[in-house]
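Notes follow the structure.
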Amino acid sequence: MELDLAIPDLVKGWRMWSDLHYPGDFESSIVREHRTDLPNSTLLEIGCGDGRVIKRLAPLCKSAVGIDLNQEMIAHMQLEQSKAIEQITLSSDCGQPPIVSFENMSATDLKFSDDSFDIAIMPWCLHQIDDRQKALSEAKRVLKPSGHLFVFGLLPGGDYEEIVKLLGLDPGPQVDPVSAYEKPLAETFGKFQVAENIGPEDKRQHFGFTFRSLEEALRCWDWALRNWHSHNPSQADLSFISTQLRDRVGENRISMDIRGTLYVCEKTGEEQ
Ligand SMILES: C[S@@+](CC[C@H](N)C(=O)[O-])C[C@H]1O[C@@H](n2cnc3c(N)ncnc32)[C@H](O)[C@@H]1O
């Protein structure tokens, strides 16, 4: 559906990066493999960004809510949603309004009642949260008994972070998986399962960003450095990035790997 909305630069640039995730349905296909009862399930995405993941899962679920701390991103998605609902209501009597909604809130202070969702997902978000224990307790609180939490935990060593570091910039939190993920998960849920290791060594779960050309890559990097690292790239920075990316050129595309671990936890009621 074509929506006549002016897209702010933040959303435009973020979506430029979202479109580069390869394979694009990576997270949603893993959730689908683990939970075959999506049509009867209510889903919450914590830290949904521009909705890249939840928009794939929402049409398969009973209902879905995405929350994020980023107010500008959420405001834009709420506007898009209300326009989409308006168009469906005006144009046909058989279309179903989208069952996904977006809310601006913090993972550490969820404005939902206890036992609200069957599934909660946190793709590539937990590393950005200081009080991870609190965020996980909140996720558990809003899950129904027997509900599942899926955490895609980012690990250091991915190509994006490595290039940012080589440029002398802050790559963001470089977390240790045991203290950042496993300890708080065990303390909150009692136990957790390492469901997938995500990285270049694991052929099945090869996942990352792909650019169709060096020009596209430099456009994306230029935006990312300005918006995510408050750094105006010089010509020398961009030449340096080109050199780094030349080592990552494959057949007709340039790839940057993401490393991570997928943890799955169940709210069993046995934990404290
Ligand atoms: C790397 S992005 C991932 C976005 C999305 N899940 C995806 O996979 O495309 C991390 C997101 O977590 C959000 N975030 C960080 N801290 C948060 C918090 N305390 N509560 C809610 N969202 C948070 C950021 O605003 C950002 O949108």
Side-chain angles (χ1 to χ4, degrees), residues 8-32 43-58 64-78 100-112 117 119-142 149-156 158-161 164 170-175 180-181 184 188 196 198 205 207-210 220 223-225 227-230 256-263:
D9 186 53
L10 174 78
V11 182
K12 217 188 267 178
W14 201 308
R15 288 196 172 153
M16 198 162 71
W17 275 93
S18 279
D19 288 345
L20 299 170
H21 280 90
Y22 180 81
D25 66 348
F26 177 77
E27 297 91 343
S28 55
S29 65
I30 289 184
V31 174
R32 284 201 323 264
L43 179 128
L44 169 68
E45 180 174 356
I46 300 166
C48 62
D50 69 348
R52 178 181 70 86
V53 179
I54 198 167
K55 282 182 176 173
R56 286 178 192 271
L57 285 170
V65 186
I67 69 109
D68 202 286
L69 203 52
N70 189 316
Q71 202 173 357
E72 188 181 351
M73 184 68 77
I74 290 289
H76 183 75
M77 287 190 300
Q78 286 172 333
V100 57
S101 60
F102 296 97
E103 304 277 344
N104 178 218
M105 82 182 62
S106 171
T108 54
D109 185 17
L110 297 177
K111 309 287 183 207
F112 302 109
F117 297 95
I119 302 168
I121 60 172
M122 291 181 93
W124 317 112
C125 166
L126 192 55
H127 66 286
Q128 293 189 1
I129 299 175
D130 291 334
D131 193 345
R132 298 188 184 104
Q133 188 84 52
K134 178 81 171 105
L136 292 172
S137 311
E138 279 292 88
K140 184 181 151 202
R141 180 182 66 74
V142 301
L149 171 68
F150 294 78
V151 174
F152 292 81
L154 187 71
L155 293 181
D159 289 334
Y160 179 89
E161 286 79 14
V164 169
D170 179 5
Q174 301 286 287
V175 300
Y181 304 137
T188 313
E196 307 272 348
I198 300 156
Q205 297 302 356
F207 174 63
F209 300 103
T210 63
C220 290
W223 181 90
L225 293 178
N227 285 274
W228 286 331
H229 303 276
S230 307
M256 296 197 313
D257 291 310
I258 289 175
R259 286 167 193 257
T261 304
L262 168 65
Y263 300 99

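Please read these numbers as outputs of a predicted model, since none were measured by experiment. Counting starts at 1 for both ligands and their atoms, following the listed order.
- For the ligand labelled ligand 1, residue Phe26 lies outside the 4.0 Å heavy-atom shell.
- Looking only at distances, a side-chain donor or acceptor of Asp159 sits under 3.5 Å from a matching main-chain atom of Asp257.
- Judged by distance alone, the side chain of Trp17 and the main-chain N or O of Cys220 form a donor-acceptor pair under 3.5 Å.
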Could you check His21 against Phe26 for ring-ring contact (aromatic ring centres under 6.0 Å, His included), going step by step and ending with a plain yes or no? CA-CA 8 Å; His21 280 90; Phe26 177 77; 9.4 Å; no

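- What sits closest to atom 20 (N) of ligand 1 on the protein, heavy atoms only, is Ala107 N, 2.8 Å.
- Across the listed options Trp124, Trp17, Trp228, Trp124 owns the non-hydrogen atom lying nearest to atom 10 (C) of ligand 1.
- Two residues are said to be in side-chain contact when any heavy atoms from C-beta on lie closer than 4.5 Å; Ile54 and Val100 meet this criterion.
- Between the Gln78 side chain and the Phe102 main chain, a donor and an acceptor come within less than 3.5 Å of each other.
- Within the 4.0 Å heavy-atom shell around ligand 1 one does not find Met122.
- A salt bridge links Glu27 and Arg52; the closest N-O separation between the charged side-chain nitrogens and carboxylate oxygens is under 4.0 Å.
- The closest approach between a heavy atom of Glu45 and any atom of ligand 1 is below 4.0 Å.
- Comparing heavy-atom distances from atom 6 (N) of ligand 1 across Gly49, Cys48, Gly47, Gly66 singles out Gly47 as nearest.
- Of the protein's non-hydrogen atoms, Gln128 OE1, 3.3 Å is the one closest to atom 15 (C) of ligand 1.
- The nearest heavy-atom contact from the protein to atom 12 (O) of ligand 1 is Cys125 SG, 3.5 Å.
- For ligand 1, the atoms sitting less than 4.0 Å from at least one non-hydrogen atom of Ser106 are 19 (N), 20 (N), numbered in the order shown with element in parentheses.
- No donor-acceptor distance shorter than 3.5 angstrom exists from the side chain of Lys111 to the backbone of Met105, with no hydrogens or angles considered.
- Heavy atoms of Ile129 come nearer than 4.0 angstrom to ligand 1 in at least one pair.
- Protein heavy atom closest to atom 9 (O) of ligand 1, with residue, atom name and distance, is Arg52 NE, 2.8 Å.
- Applying the 6.0 Å contact sphere to CZ of Phe112 captures more than 12 heavy atoms from other residues, nucleotides or ligands.
- Nearest residue to atom 25 (O) of ligand 1 from Leu154, Asp68, Asn70, Leu69 is Asp68 (criterion: closest heavy atom).
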